[in-house]
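Below is one structure, written out as structure tokens; the observations come after it.
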Amino acid sequence: MMGAAGENSGLIVRGLTTTFDTPRGQAIAAADVDFDVAPGEVVGLVGESGSGKSVTLRSIMRLIREPGHVSGRVEWHGRDLVAMPAEELRKVRGGEIAMIFQEPMTALNPVLPVGVQIEENLVAHTTLNARDRKARALELMNIVGIPAAERRLQEYPHQFSGGMRQRAMIAIALACSPKLLLADEPTTALDVTIQDQILKLLLDLRDRLSMSVVLVTHDLGVVAATCDRMAVMYAGRIVETGTVTDVFNTPHHPYTRGLLGSVPRSGASRTVLQSIEGTPPSLTNLPEGCAFHPRCTFATDLCRKERPPLETVGALGRAVACFHHSQVAAAEAIL
Ligand SMILES: Nc1ncnc2c1ncn2[C@@H]1O[C@H](COP(=O)(O)OP(=O)(O)OP(=O)(O)O)[C@@H](O)[C@H]1O
Ligand SMILES: [Mg+2]
């Protein structure tokens with residue numbers, strides 16, 4: 001999993017930990033998260049609701065506010081985003097690194113027309129003149145499938161439907177041709193045709209610009225179709241990671257196995273994460289040992305006492321946090 005450090009190493013996340021002080025105690029929303037994204041690589045981040053996917057992306061972009069606290073290292077082309085001065089970070093954010101938010105309305109400015117928001121981004125991060133910026137804005141509207149682009153650019157976010165807002169946000173995010181895109185459920189609100197178009201667009205940008213992508217999604221079909229590697233999160237931790245092929249073929253963590261349980265091995269490509277029996281743990285009151293043990297059919301006394309570390313298994317970049325991973329990997333496929 002360790003990438004070579006240096007200029008062209010893309011994104012290297014090490015020990016990223018995000019906590020929130022809540023009335024019920026400290027919630028550890030992301031715990032010791034390690035992963036790499038090489039230039040041109042698409043990494044899928046999956047896990048059930050509340051597992052820390054959005055918090056991880058926001059922490060990378062340094063968008064966690066009080067009462068949140070972030071520690072660890074987020075290296076982007078050799079520079080640490082966690083420690084970088086705010087001024088420098090502003091240049092990186094929205095330019096080299098862009099984010100598509102899960103909630104479009106939190107990202108769009110309600111008092112500015114969509115065109116102005118694209119424009120602002122282009123002014124901040126490119127040297128395009130006014131005419132070229134206008135042309136670029138129109139081009140982006142077309143790319144993300146917003147009809148009547150000329151008129152739409154004058155309109156405010158509240159005049160857009162949910163799906164159109166999502167597209168507008170994607171247009172803003174892609175305006176400066178980022179080198180790294182953090183995409184949090186970018187296509188969830190969209191119908192299948194547009195979803196396919198947008199995913200195709202992301203892959204195209206990956207090919208043309210070596211853009212790296214971290215893609216958060218609930219749709220394992222999307223992971224299978226678009227991602228090179230994937231990481232599975234549970235209760236704020238990465239519990240399994242590897243190439244999409246390896247993880248789908250032989251899940252080593254019981255939680256991953258549960259998620260994949262309902263995915264047909266071939267045929268239907270759209271499958272939403274299966275829900276697993278039991279409920280996710282409270283982040284302010286995690287179980288001892290492995291956080292998954294109360295829901296796990298493989299759990300033993302060891303799992304109830306000690307937390308399994310994320311350890312490399314087999315190929316480089318293949319890691320799992322489970323004491324019984326060999327047994328899980330060897331277990332018969334669930335039908
Ligand atoms: N500002 C905050 N204060 C307190 N807790 C927070 C805050 N922001 C997030 N959390 C907690 O962090 C945990 C992880 O949240 P996160 O939004 O990352 O989940 P997620 O994996 O993105 O889920 P979903 O699939 O529903 O989007 C949640 O339990 C959430 O309540
Ligand atoms: Mg989320």
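Both ligands and their constituent atoms are indexed starting at 1 by order of listing. Sequential numbering from 1 along the given sequence is applied to the chain's residues.
Ion pairing between a basic and an acidic side chain is recognised when a charged N comes within 4.0 Å of a carboxylate O; R133 and E119 show such pairing. The existence of a salt bridge linking D196 and K200 is excluded, since no basic side-chain nitrogen approaches an acidic carboxylate oxygen closer than 4.0 Å. Remark: R14 engages D36 in a salt bridge, criterion side-chain N to carboxylate O under 4.0 Å. Using a cut-off of 4.0 Å between Lys/Arg side-chain N and Asp/Glu carboxylate O, E240 and R318 are scored as salt-bridged. At a threshold of 4.0 Å, the pair E88-K91 does not count as salt-bridged, since none of the basic side-chain nitrogens sits closer than that to a carboxylate oxygen. Salt-bridge formation is detected for the pair E150/K134: a Lys NZ or Arg NE/NH1/NH2 atom is positioned less than 4.0 Å from an Asp or Glu carboxylate oxygen.
A side-chain donor-acceptor contact under 3.5 Å links T17 to the backbone of D32.
Under the rule for a ring pair (Phe, Tyr, Trp, His ring centres under 6.0 Å), H125 has no partner lying at least two apart in sequence or in another chain. For R62, there are no salt bridge (charged side-chain N to carboxylate O under 4.0 Å, His left out) partners at least two apart in sequence or on another chain.
Of all protein atoms, those that are N, O or S and lie under 2.8 Å from the Mg ion (ligand 2) total 2.
Using a heavy-atom distance under 4.0 Å as the criterion, the protein contacts of ligand 1 are F20, A29, E48, S49, G50, S51, G52, K53, S54, V55, Q102, H218, L283.
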